[in-house]
Amino acid sequence: MPASPCTSVSLTPIGRIESDYPDKFGVPRQPGLADAARARLVLTPPFDDPLAVRGLEAFSHLWVTFLFHLSPERWTPLVRPPRLGGNARIGVFASRSTHRPNRLGQSLVELEGIDTDAGVSLRLRSVDLVDGTPVLDIKPYLPWAEARPEARAGFAPEAPALLPVRLTPEAQATLAARPDATSLRELIHQVLAQDPRPAYRRGAEDRIYGVRLRDVDVRFRAVVNDESKTLLEVIEIVVV
């Protein structure tokens, strides 16, 4: 007699993310696009046993399976990917939309180190994970099995084009006074270059946006430079 089909699944998070992204606005749409982004995966009991990560230090990259906890539980069969301008619709399973059944996500991140002095935490970089993200599983990345450069990538065949970013003198002064000025400047440039504005906004506009990074609100706008090209200008950096 065939086994009864499984109709429901209960999952328990093994840990949570502490990251440079306090809010989901501005988080890169894929991992690896902002190399300066750092995070810590803190394992929670009973999964914070150092034995559970024995040997993991031999791997440079990890698959992190997580929950899009800030996305609504509802889902629709069609979504509008930003890469298609936010207008064209495709099937949810042909996308990486956060609005999906079960709200599951998967990211390939770089492992910088493992701390086991008090519990277990993993130091990560190149992340696209908002602070507080529940993590369901981690697995080591195997390049010989999982890297397929010849694979077709549908409507996203290459990384998105980057916009130039500049800081006003006031923003530069605020940044220079911080102990993390160098790494925060790098993070600001990498995040804003992805153009976190809604997909239908691609030119200069009057609106001022704010993206939360670490403990600051980076306020920026789109302007046109002397070459008639759009760039993102950081107007001010405000500690929140």
Side-chain angles (χ1 to χ4, degrees), residues 16-42 64 66-72 82-83 86 97-99 103 105 107 109-110 112 121 123-135 159-225 229-240:
R16 69 183 186 280
I17 291 291
E18 298 175 354
S19 81
D20 285 338
Y21 303 116
D23 186 74
K24 65 180 181 178
F25 179 70
V27 176
R29 297 184 176 100
Q30 302 296 339
L33 295 180
D35 183 67
R38 299 294 194 276
R40 184 178 293 270
L41 167 51
V42 181
V64 176
F66 60 92
L67 186 72
F68 287 114
H69 66 299
L70 298 181
S71 295
R83 286 295 292 270
S97 170
T98 63
H99 304 285
R103 299 185 295 168
S107 286
V109 301
E110 184 176 349
E112 286 197 313
S121 62
R123 287 179 279 115
L124 311 175
R125 67 182 295 168
S126 298
V127 300
D128 61 342
L129 302 168
V130 69
D131 191 67
T133 295
V135 173
L162 303 179
L163 286 184
V165 178
R166 75 182 182 196
L167 279 67
T168 62
E170 293 78 11
Q172 293 185 42
T174 301
L175 198 57
R178 293 178 57 95
D180 62 344
T182 299
S183 63
L184 182 56
R185 180 182 292 106
E186 186 177 10
L187 181 62
I188 290 172
H189 276 268
Q190 291 180 0
V191 169
L192 293 192
Q194 311 290 331
D195 196 355
R197 297 176 300 158
Y200 58 84
R201 298 183 184 272
R202 283 296 179 261
E205 56 178 317
D206 294 331
R207 179 173 177 177
I208 295 176
Y209 293 87
V211 59
R212 292 277 306 278
L213 297 173
R214 297 183 186 171
D215 63 336
V216 299
D217 183 13
V218 181
R219 297 174 183 172
F220 67 96
R221 63 185 175 188
V223 299
V224 176
N225 62 14
K229 295 182 179 180
T230 300
L231 63 83
L232 297 186
E233 179 181 60
V234 178
I235 301 171
E236 59 180 345
I237 299 173
V238 181
V239 177
V240 294

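Note that the structure is a prediction, hence the values are computed from the model and not measured.
- Using modelled atom types, no side-chain atom of Glu18 and backbone atom of Val42 make a donor-acceptor pair closer than 3.5 Å.
- For Glu233, the side chain to side chain contact (heavy atoms under 4.5 Å, CB included) criterion is met by Arg166, Thr168, Arg221, Val223, Leu231, not counting sequence neighbours.
- Residues Gln194 and Leu33 come closest through the heavy atom pair NE2-O, 3.1 Å.
- In this structure Arg40 satisfies the side-chain hydrogen bond (donor to acceptor under 3.5 Å, both in side chains) test together with Asp115, Ser121, sequence neighbours excluded.
- Tested against Leu213 for a side chain to side chain contact (heavy atoms under 4.5 Å, CB included), the candidates Leu192, Val191, Val27 yield a single pass: Val191.
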- Message: Pair Leu129, Phe66 - check side chain to side chain contact (heavy atoms under 4.5 Å, CB included), show working.
- Response: CA-CA 9 Å; Leu129 302 168; Phe66 60 92; 3.4 Å; yes
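- Considering every non-hydrogen atom in both Ile237 and Ala171, the closest pair reads CD1-O, 3.7 Å.
- Val165 and His189 get closest at one heavy-atom pair: O-CE1, 3.3 Å.
- Ser71 meets the side chain to side chain contact (heavy atoms under 4.5 Å, CB included) test with Phe68, Thr98, His99, Arg103; sequence neighbours excluded.
- The side chain to side chain contact (heavy atoms under 4.5 Å, CB included) check on Glu112 picks up Arg38, Arg123, Arg125, with sequence neighbours excluded.
- In this structure Asp180 satisfies the side chain to side chain contact (heavy atoms under 4.5 Å, CB included) test together with Arg178, Ser183, Leu184, Arg214, sequence neighbours excluded.
- Between Pro28 and Asp128, the shortest heavy-atom contact is O-CB, 3.4 Å.
- Smallest separation of non-hydrogen atoms from Thr230 and Arg197: CG2-NH2, 4.3 Å.
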- Query: Hey, mind stepping through Arg219 and Glu236 against side chain to side chain contact (heavy atoms under 4.5 Å, CB included) and telling me if it holds?
  - Reply: CA-CA 5 Å; Arg219 297 174 183 172; Glu236 59 180 345; 3.0 Å; yes
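- Residues Pro82 and Arg29 meet the side-chain proximity criterion, which asks for heavy atoms closer than 4.5 Å.
- With rounding to the nearest 0.5 angstrom, the CG atom of Asp195 is 4.5 Å from the CG atom of Leu163.
- Checked against side-chain hydrogen bond (donor to acceptor under 3.5 Å, both in side chains), Ser19 has no partners two or more places apart in sequence or in another chain.
- With sequence neighbours left out, Thr174 forms a side-chain hydrogen bond (donor to acceptor under 3.5 Å, both in side chains) with no residue at all.
- Here the closest heavy-atom approach between residue Ala36 and residue Asp20 is recorded as O-OD2, 3.9 Å.
- One distance of note links CG of Leu167 with CG of Leu175; it measures 6.5 Å at 0.5 Å rounding.
- Residues passing the side-chain hydrogen bond (donor to acceptor under 3.5 Å, both in side chains) test with Asp131, sequence neighbours excluded: none.
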